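A quick note: this is a predicted structure, and the numbers were derived from the prediction, not measured.
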Amino acid sequence: MAELTTSEWWGLLPEGIRGEVDGYVLQDRRLQAARVVREACRARGLGLHEAELVVHARYLHHGDRIARTPLSPLDLESLTAKASGCPGPVAAIEAIWDGDTVHDWFVILLAVSTEPAGERHLATVHRETAVRHLGEARAAESLRPAAAAAEEAGRALARHLSVPFHFASPDTPDDEAPRWRP
């Protein structure tokens, strides 16, 4: 059987499924849209990569109508305000790697407390966020702009709060790198 094109896969989806996928796309929920496409056409041989291509085509189709997920702010004032929502006094600022098939690798910036133990999500730093924070030129100089931006913002916040900053693997994406310990 010849490989199907993206538009042919789209045409195989029932109208209700197409509506559900477009609904997720318009909400900028790429992973959920790809999951629905894959589940609906898996029996016909559609793989994850092809499902992502179908969803990407829908993103191109809808363009500016998509309610894009806002970029995380990395300015000191915003991060300080978010850190104030930590479950207890901030004991450290930590940067950790995460990744997915849509965004590749990205960095999550956290405020960590020990009494009570907990953490507060401060920012998700994708490449686009890093470019906005660092500027095009500085981002282009870095092998991992997301790591560079998260480290710069995280260190500034940690200095401001007089707590340690921890980033176990700033040069190499590693979602299993050791976490901060008091």
Side-chain angles (χ1 to χ4, degrees), residues 1-74 82 85 94-112 118-134 136 139-140 142-151 153-154 167-179:
M1 179 173 149
E3 285 193 36
L4 298 176
T5 66
T6 300
S7 60
E8 289 171 329
W9 281 117
W10 181 250
L12 288 175
L13 293 170
E15 184 178 337
I17 298 293
R18 289 195 307 260
E20 181 180 12
V21 169
D22 276 348
Y24 283 134
V25 167
L26 290 167
Q27 295 173 19
D28 198 21
R29 296 177 64 193
R30 188 180 296 260
L31 292 176
Q32 289 89 339
R35 179 185 52 80
V36 170
V37 171
R38 183 160 187 241
E39 287 175 0
C41 289
R42 181 183 292 179
R44 293 184 171 146
L46 179 96
L48 179 59
H49 179 69
E50 293 82 10
E52 290 172 338
L53 291 175
V54 169
V55 170
H56 179 71
R58 299 312 294 165
Y59 267 76
L60 294 176
H61 172 78
H62 289 294
D64 290 341
R65 295 185 343 183
I66 298 169
R68 300 287 180 174
T69 304
L71 300 179
S72 293
L74 292 180
K82 287 185 170 193
E94 183 171 32
I96 60 173
W97 285 103
D98 201 353
D100 60 40
T101 58
V102 173
H103 301 102
D104 195 24
W105 288 103
F106 53 90
V107 180
I108 297 173
L109 204 55
L110 303 167
V112 182
E119 57 190 35
R120 170 91 165 131
H121 177 271
L122 303 176
T124 301
V125 186
H126 297 103
R127 186 180 199 303
E128 187 178 4
T129 306
V131 169
R132 185 192 65 203
H133 179 73
L134 298 171
E136 288 282 348
S142 175
L143 181 62
R144 299 281 181 195
E151 187 164 18
F167 194 175
S169 182
D171 299 322
T172 306
D174 181 358
D175 58 357
E176 294 181 12
R179 296 288 307 268

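Annotation for A168 and P178: closest pair CB-O, 3.3 Å, computed over non-hydrogen atoms. Taking both residues in full, the closest heavy atoms of R127 and A146 are given as N-CB, 4.5 Å, listed atom of the first, atom of the second, then distance. Here the shortest heavy-atom pairing between L134 and P145 reads CD1-O, 3.7 Å. Summarising the geometry of A150 relative to L109, their closest heavy-atom pair is O-CD1, 3.8 Å, with the distance given to 0.1 Å. For A34 against E52, the heavy-atom pair with the smallest separation is CB-CG, 4.4 Å. Residues S169 and W97 approach most closely at O-NE1, 2.5 Å, considering heavy atoms.
Listed by chain and residue number, S7, E8 satisfy the side-chain contact (heavy atoms from CB on, under 4.5 Å) test with T5 (two or more places apart in sequence, or in another chain). With sequence neighbours excluded, the residues forming a side-chain contact (heavy atoms from CB on, under 4.5 Å) with S72 are A123, T124, listed by chain and number. The side chain to side chain donor-acceptor pair (under 3.5 Å) check on E128 picks up nothing, with sequence neighbours excluded. E119 is linked by a side chain to side chain donor-acceptor pair (under 3.5 Å) to R179, counting only residues two or more places apart in sequence or in another chain. Checked against side-chain contact (heavy atoms from CB on, under 4.5 Å), A51 has the following partners two or more places apart in sequence or in another chain: V37, R38, L46.
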F167 vs E94, side-chain contact (heavy atoms from CB on, under 4.5 Å): CA-CA, chis, key distance, verdict: CA-CA 6 Å; F167 194 175; E94 183 171 32; over 6 Å; no
Working for side-chain contact (heavy atoms from CB on, under 4.5 Å), residues T129 and L74: CA-CA 8 Å; T129 306; L74 292 180; 3.9 Å; yes
Residue pair I17, V36: steps toward the side-chain contact (heavy atoms from CB on, under 4.5 Å) verdict: CA-CA 7 Å; I17 298 293; V36 170; 3.7 Å; yes
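Side-chain contact between P170 and R144: absent, with no pair of heavy atoms (C-beta onward) separated by less than 4.5 Å. Using a 4.5 Å cut-off on side-chain heavy atoms (C-beta onward), L122 and L110 make no contact. Side-chain contact between Y24 and L31 is absent, with no heavy-atom pair separated by less than 4.5 Å. Here the side chains of I108 and V125 are not in contact, with every heavy-atom distance at 4.5 Å or above.
Here the straight-line distance linking atom SG of C41 with atom CG of L13 works out to 4.0 Å at 0.5 Å rounding. Between the CD atom in E50 and the CD atom in E3 there is a gap of 6.5 Å [rounded to 0.5 Å].
L71 pairs with exactly one of H133, H126, R132 by the side chain to side chain contact (heavy atoms under 4.5 Å, CB included) rule, that one being R132.
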Can I get a per-line list of side-chain donor-acceptor pairs under 3.5 Å for residues 53-63, giving both atom names and the distance, sequence neighbours left out?
residue: R58; atom: NE; partner: D22; partner atom: OD1; Å: 2.9
residue: R58; atom: NH2; partner: D22; partner atom: OD1; Å: 3.3
residue: R58; atom: NH2; partner: D22; partner atom: OD2; Å: 2.9
residue: Y59; atom: OH; partner: D28; partner atom: OD1; Å: 2.8
residue: Y59; atom: OH; partner: R30; partner atom: N; Å: 3.4
residue: H62; atom: ND1; partner: R65; partner atom: NH2; Å: 2.6
residue: H62; atom: NE2; partner: D22; partner atom: OD1; Å: 3.1
residue: H62; atom: NE2; partner: D22; partner atom: OD2; Å: 3.4

